[in-house]
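One structure is given here, and the rest of the page talks about it.
A quick note: this is a predicted structure, and the numbers were derived from the prediction, not measured. Here is how names work: the chains are called A, B, and so on, in the same order as the sequence lines, proteins then strands, and each is numbered from 1.
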There are 2 protein chains.
Amino acid sequence: MYSALTTHIAKFVSLDETETEILRENLVFLSVKKKENLLEAGQTCHYQYFIVKGLCRNFIINEKGNEQTTQFGIENWWLSDYLSFHNDRPSGFYIQAVENSELIAIEKKAMETLLAKVPKLERYFRLVLQKAFGASQIRIKYLFTQSAEERYRHFSTSFPEFVQRVPQYMLASYLDFSPEFMSKIRAGKV
Amino acid sequence: MYSALTTHIAKFVSLDETETEILRENLVFLSVKKKENLLEAGQTCHYQYFIVKGLCRNFIINEKGNEQTTQFGIENWWLSDYLSFHNDRPSGFYIQAVENSELIAIEKKAMETLLAKVPKLERYFRLVLQKAFGASQIRIKYLFTQSAEERYRHFSTSFPEFVQRVPQYMLASYLDFSPEFMSKIRAGKV
DNA sequence: CGAAAATTTGACATGACTCAACTGGAGTGG
DNA sequence: CCACTCCAGTTGAGTCATGTCAAATTTTCG
């Protein structure tokens, strides 16, 4: 159940038996169904979620009432609203399962306990964040320099398997254009 | 010279004399003039930069040859291209001083040495990244939901002092619109 | 002071959005 | 297992926010 996470951690730091045990004590395993929300706007985000299996996303609801996906997470990624988590303030985001998913959640206080007992994990989480932040920097670069069509073509050639797994309208909002426009790009009518 | 950094670190973890000494041994202090580049596209980013005094930015040059600012950093912020730094791959970004600035640089290998000797700093850098990543999540939210005019008004009421310090064309590119359009927003012609 | 850089302005162009109508497929319940 | 609904995707027409370009003006700074 926890092996996906321990395997992932092992790529960055090595834990002994005792440490692995302490880790487990501070985690919660959960299964969520497609469309289920792990966080809703207005709530404070008390968890970081590791995706063992499945696909989840962060999204917001804009003033027109439309959902806009701001981030996807698949196997071996962490999802959270880090600002809400960090400051204990209400979030503006939703976190939702796109597919039926298996997750490992770590609660903020449990995380502090864990990190106090297994300081090595500070390194693991630092490296995870470094990678995530790097990805976010690149994403902003693409949002700034590419047209809607370029973003679609670039994304779908880079992650063809991924594109299969999400509805078009979610991908459209992640790439920051309308579902209708996506449809026209795909039909070559643009 | 290093006190701005040690003060900043002290907000997150406490270091003793020896640890502070090891920290200093692994840092480089540098002064840069306005417009000087710390990193250029094509180079690998080997450093993370802490801003003691001044103002710097990350930017890219798009296919039309225009600079687009992707990130600003002021006093007590770290700047880097984390993906390039993490993977030792060439960067697509420039890092440049917007004002004459005083920086503290940490080189990647020195950082590894330092972290091996002073593991407490893993926590410091994790928290710094958590905050930066959270800020980046919020920024994407605003880029997605607000119009150009709303982004300008929101940013300039949130950070009025900051707006004073950067040329309009840089802020326009950071908020993802043209300098001409910024001019029209300011003149109320839109 | 003079040159270069930044900002402003106006005319015009366009990429992408909105809205509304239509099509097709996936579930669901009788 | 059919019929019905509902949600996702498609299409076209019209519109608009923002971009582009070029010229004029102002500011900065060596």
- Message: Between the base of dG15(C) and the side chain of K184(A), is there a donor and acceptor pair under 3.5 angstrom?
- Response: no
- Message: So, applying ring pair (Phe, Tyr, Trp, His ring centres under 6.0 Å) with Y174(B), which one of Y142(B), F59(B), F155(B) is it?
- Response: F155(B)
- May I ask you to check whether F125(A) and W78(A) place their ring centres under 6.0 Å from each other? yes
- Item | Ring centres under 6.0 angstrom apart (F177(B), Y152(B)) | no
Check the distance between [N]'s [atom2] and [X]'s [atom1] and give it to me in whole angstrom.
X       : N       : atom1 : atom2 : result
K35(B)  : dA4(C)  : NZ    : C1'   : 11 Å
F177(A) : dA16(C) : CZ    : C1'   : 10 Å
L143(A) : dA16(C) : CG    : C1'   : 15 Å
E180(B) : dA17(D) : CD    : P     : 18 Å
M182(A) : dG12(D) : CE    : C1'   : 19 Å
F181(B) : dA17(D) : CZ    : C1'   : 6 Å
Y169(A) : dT10(D) : OH    : C1'   : 16 Å
M170(A) : dC7(D)  : CE    : C1'   : 12 Å

- Item | Any S178(B) side-chain nitrogen or oxygen under 4.0 Å from OP1 or OP2 of dG19(D) | yes
- Message: If we check side-chain contact (heavy atoms from CB on, under 4.5 Å) with F144(A), which of these qualifies: N62(B), L143(B), T69(B)?
- Response: L143(B)
- If you check the K64(B) side chain, which of dT9(C), dT18(D), dT20(D) turns out closest? dT20(D)
- Query: Of the nucleotides dT18(C), dT8(C), dT11(D), which one has an atom closest to the side chain of Q168(B)?
  - Reply: dT8(C)
